[in-house]
A.B. asks: 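Structure provided below as structure tokens; questions to follow.
In what follows, chains are A, B, ... by sequence order, proteins preceding strands, each numbered from 1.
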2 protein chains.
Amino acid sequence: MKGVSDIDAGALAGTATFQLGTLGAIATERFSTAIGAFGLKPKHAGVLQVLLLDPLISQQELAHKMGVAPSLMVGLLDFLESAGAIERERDPADRRRQVIDVTDEGERLYVLCARAAASIEVELLAGLGERAEGFRKLLANVAEDFGLPTRDTR
Amino acid sequence: MKGVSDIDAGALAGTATFQLGTLGAIATERFSTAIGAFGLKPKHAGVLQVLLLDPLISQQELAHKMGVAPSLMVGLLDFLESAGAIERERDPADRRRQVIDVTDEGERLYVLCARAAASIEVELLAGLGERAEGFRKLLANVAEDFGLPTRDTR
DNA sequence: CCTATATCATTCACTATCTGAATGATTCTT
DNA sequence: AAGAATCATTCAGATAGTGAATGATATAGG
């Protein structure tokens, strides 16, 4: 039965789709473990990231940018609030909305997340040697194509 | 309050860790949608991929390679079996084990998955233009560093 | 040989994560 | 002023995953 149909047994694993998906899962898992040390999960870090780049956003827009249901966002923000990372108060201009403020503690936690991610990046790209920088640039280009926030490199 | 602590608001989003994680999620979600058309989920495709590259593996090893609990693997294989993609029979040499055979139907489904992944890859890398091939090579290098199965390019 | 221990697949109870459909408050439109 | 739309929130349920038993089988030591 082998040699008759003779499939390319690496066709799937060879795609960038598969590799991105799998490496992304590895990256996120490591990130999750690292920031778990101070009580956060990747989605919490993502919320802080979006909020710092887009401070006056509504919870609806926040949920939309992160690709989750608004009902899930409530719980994520509840957690961040109880951790002292954000504060919510009704928008006086539109009392349906909440104005979300990232506190100093929130910024502190964000910086810790960014450091953890930077340290994991080193591990992930270690095997690339001097080609790591080129890979980073191309990856950032793809990220930008898909609307991910880009680093301010001014 | 702005300008006092003055955080780098793109520090996290700028890391390859964050970008890999997010793009990986996008890749997997698109892949999931595509292969959902013929009833599979990404983990099922992953199982077929591992099995085709490593046919005599035990369920334990399979679960270990995929980073899931053996108890989860049972359900994934039950599904693939009921879909006609694999067959299980007790290993006569060690009757605790199951010998897992990928059927013709399993190979057919695998090829469909590989095609879907290839087509999504084109979308993902479209913005890279002629630099896509370079990115693909670097990504494959990283994948190999982390033990992902590599395409046979003989 | 036979008893201990280990290993395999499987089941089961439980937890975590996420969604979509209500709900109530508020705002917008006309 | 009324009806439609929008916001945050709650809630019930779906889905995916884990770790701890369980029973069958295999292996190692005395």
Side-chain angles (χ1 to χ4, degrees), chain A residues 21-22 24-26 28-33 35-36 39-47 50-51 54-83 86-101, chain B residues 21-22 24-26 28-33 35-36 39-47 50-51 54-83 86-101:
Chain A
T22 309
I26 292 174
T28 299
E29 192 201 336
R30 292 193 179 199
F31 183 58
S32 181
T33 301
I35 70 178
L40 296 188
K41 303 197 176 174
K43 288 238 151 72
H44 300 133
V47 169
V50 175
L51 283 175
D54 215 337
L56 292 182
I57 203 172
S58 74
Q59 291 187 195
Q60 298 274 339
E61 296 163 319
L62 190 47
H64 182 255
K65 280 213 183 195
M66 292 194 49
V68 301
S71 55
L72 180 61
M73 188 54 61
V74 174
L76 294 172
L77 293 173
D78 284 350
F79 178 86
L80 287 172
E81 193 169 31
S82 76
I86 63 164
E87 284 169 358
R88 279 189 280 195
E89 54 181 326
R90 289 283 160 189
D91 183 349
D94 182 346
R95 299 187 33 72
R96 290 170 305 182
R97 294 178 166 234
Q98 302 266 32
V99 172
I100 304 167
D101 188 55
Chain B
T22 308
I26 291 173
T28 300
E29 191 201 336
R30 292 193 180 200
F31 183 58
S32 181
T33 300
I35 69 177
L40 296 189
K41 304 198 174 172
K43 289 238 151 72
H44 300 133
V47 168
V50 174
L51 283 175
D54 215 338
L56 292 183
I57 203 171
S58 74
Q59 292 188 195
Q60 297 274 338
E61 296 163 320
L62 190 47
H64 182 256
K65 280 213 184 193
M66 293 195 49
V68 301
S71 55
L72 181 60
M73 188 53 61
V74 175
L76 293 172
L77 293 173
D78 283 350
F79 178 86
L80 287 172
E81 193 169 31
S82 76
I86 63 164
E87 284 168 359
R88 279 188 281 194
E89 55 180 327
R90 290 283 160 188
D91 184 350
D94 181 347
R95 299 187 33 74
R96 291 170 304 180
R97 294 179 166 233
Q98 303 265 32
V99 173
I100 304 169
D101 188 54

A.B. asks: Using a cut-off of under 3.5 Å, enumerate the N/O to N/O pairs linking the protein to nucleotides 1-3 of chain C.
C.D. replies:
none

A.B. asks: Checking Glu29(A) now: which residues fulfil side chain to side chain contact (heavy atoms under 4.5 Å, CB included) with it, not counting sequence neighbours?
C.D. replies: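 Not a single residue meets the side chain to side chain contact (heavy atoms under 4.5 Å, CB included) criterion with Glu29(A).
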
A.B. asks: Sequence neighbours excluded, which residues qualify as side chain to side chain donor-acceptor pair (under 3.5 Å) partners of Thr28(B)?
C.D. replies: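 Thr28(B) satisfies side chain to side chain donor-acceptor pair (under 3.5 Å) with no other residue.
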
A.B. asks: How close do Ile35(B) and Ala45(B) get, counting heavy atoms only, and between which atoms?
C.D. replies: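 Closest approach of Ile35(B) to Ala45(B), heavy atoms only: CD1-CB, 4.3 Å.
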
A.B. asks: Residues in side chain to side chain contact (heavy atoms under 4.5 Å, CB included) with Ala25(A), at least two apart?
C.D. replies: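 Result, side chain to side chain contact (heavy atoms under 4.5 Å, CB included) vs Ala25(A): none returned.
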
A.B. asks: Determine: side-chain N/O of Lys41(A) to OP1/OP2 of dA16(C), distance under 4.0 Å, yes or no.
C.D. replies: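 For dA16(C), neither OP1 nor OP2 has a side-chain N or O of Lys41(A) closer than 4.0 Å.
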
A.B. asks: Tell me the side-chain hydrogen bond (donor to acceptor under 3.5 Å, both in side chains) pairs involving residues 62-80 of chain B, sequence neighbours left out?
C.D. replies: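 Every pair satisfying side-chain hydrogen bond (donor to acceptor under 3.5 Å, both in side chains) with a residue in residues 62-80 of chain B: Asp54(B)-Lys65(B), Asp78(B)-Arg88(B).
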
A.B. asks: Partner of dA4(C) by Watson-Crick or G-U wobble geometry, both contacts under 3.5 Å, or none?
C.D. replies: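 By the stated definition (distances under 3.5 Å), nothing pairs with dA4(C).
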
A.B. asks: Measure the distance from CZ on Phe79(B) to C1' on dG17(D) and round it to the nearest whole Å.
C.D. replies: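 Phe79(B) atom CZ is separated from dG17(D) atom C1' by 17 Å.
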
A.B. asks: Can you measure Gln60(A) atom CD to dG20(C) atom C1' for me and round it to whole angstrom units?
C.D. replies: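 Spelled out: CD on Gln60(A) to C1' on dG20(C) is 13 Å.
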
A.B. asks: Arg97(A): which residues meet the side chain to side chain donor-acceptor pair (under 3.5 Å) condition with it, sequence neighbours left out?
C.D. replies: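 Side chain to side chain donor-acceptor pair (under 3.5 Å) list for Arg97(A), sorted by chain: empty.
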
A.B. asks: Consider the side chain of Asp78(A), meaning its heavy atoms from C-beta on, and name the nucleotide among dT10(D), dC8(C), dT15(D) that approaches it most closely.
C.D. replies: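 My answer, after comparing the listed nucleotides, is dT10(D).
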
A.B. asks: Which whole-number value in Å describes the distance from Ile57(B) CD1 to dA9(C) C1'?
C.D. replies: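 It is 15 Å, rounded to the nearest whole Å.
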
A.B. asks: Side-chain N or O of Gln98(A) versus OP1/OP2 of dC7(D): is the shortest distance under 4.0 Å?
C.D. replies: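 No, outside the criterion.
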
A.B. asks: What is the glycosidic conformation of dA21(C): syn, defined as within 90° of 0, or anti?
C.D. replies: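 Judged by the O4'-C1' to base torsion, dA21(C) sits in anti, the angle falling more than 90° away from 0.
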
A.B. asks: Just checking Gln59(A): base, sugar-phosphate only, or nothing, at a heavy-atom cut-off of under 4.0 Å?
C.D. replies: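 Since only primed, P, OP1 and OP2 atoms lie under 4.0 Å of Gln59(A), the category is sugar-phosphate.
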
A.B. asks: Could you pull out all residues at least two apart from Leu56(A) that satisfy side chain to side chain contact (heavy atoms under 4.5 Å, CB included)?
C.D. replies: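 Counting only residues at least two positions away or on another chain, Leu56(A) forms no side chain to side chain contact (heavy atoms under 4.5 Å, CB included).
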
A.B. asks: Is there a side-chain contact (heavy atoms from CB on, under 4.5 Å) between Ile100(B) and Ile57(B) once you walk through the steps?
C.D. replies: CA-CA 8 Å; Ile100(B) 304 169; Ile57(B) 203 171; 5.5 Å; no

A.B. asks: Taking CD from Glu87(A) and P from dA8(D), how many angstroms apart are they, rounded to a whole number?
C.D. replies: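 For the pair Glu87(A) CD and dA8(D) P, the rounded distance is 18 Å.
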
A.B. asks: Rounded to the nearest Å, what distance is computed from the CD atom of residue Glu89(A) to the P atom of nucleotide dC7(D)?
C.D. replies: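 Taking CD of Glu89(A) and P of dC7(D), I get 19 Å after rounding.
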
A.B. asks: Searching all strands shown, indicate the nucleotide that pairs with dT27(C) (Watson-Crick or G-U wobble; both distances under 3.5 Å).
C.D. replies: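 dA4(D) - that is the nucleotide pairing with dT27(C), both distances being under 3.5 Å.
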
A.B. asks: Could you walk me through whether Asp101(A) and Glu89(A) pass the side-chain contact (heavy atoms from CB on, under 4.5 Å) check?
C.D. replies: CA-CA 8 Å; Asp101(A) 188 55; Glu89(A) 54 181 326; 5.9 Å; no

A.B. asks: It should be established whether Lys43(A) places a side-chain nitrogen or oxygen under 4.0 Å from OP1 or OP2 of nucleotide dC18(C).
C.D. replies: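 Looking at the OP1 and OP2 atoms of dC18(C), one of them is under 4.0 Å from a side-chain N or O of Lys43(A).
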
A.B. asks: At their closest point, which heavy atom of Gly46(B) faces which heavy atom of Met66(B), and how far apart are they?
C.D. replies: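 Shortest heavy-atom contact: C-SD, 3.9 Å.
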
A.B. asks: Round to a whole Å and report the spacing from CZ of Arg97(A) to P of dT9(D).
C.D. replies: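 After rounding, the reported distance stands at 13 Å.
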
A.B. asks: Going by side chain to side chain contact (heavy atoms under 4.5 Å, CB included), name the residues that satisfy it together with Arg90(A), two or more places apart in sequence or in a different chain.
C.D. replies: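 Only Arg95(A), Gln98(A) meet the side chain to side chain contact (heavy atoms under 4.5 Å, CB included) criterion with Arg90(A).
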
A.B. asks: Just to be sure I understand the geometry, which residues of residues 65-77 of chain A put a non-hydrogen atom under 4.0 Å away from DNA chain C?
C.D. replies: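 When residues 65-77 of chain A is checked for heavy atoms under 4.0 Å from DNA chain C, the hits, listed by number, are Gly67(A), Val68(A), Ala69(A), Ser71(A), Leu72(A).
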
A.B. asks: Are there any protein N/O atoms within less than 3.5 Å of an N/O atom in nucleotides 27-30 of chain C, and if so, which ones and at what distance?
C.D. replies:
unit_1: dT27(C); atom_1: OP1; unit_2: Arg95(A); atom_2: N; d: 2.9

A.B. asks: Could I get the full list of side chain to side chain donor-acceptor pair (under 3.5 Å) partners for Glu61(A), not counting sequence neighbours?
C.D. replies: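 Listed in chain order: Ser58(A).
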
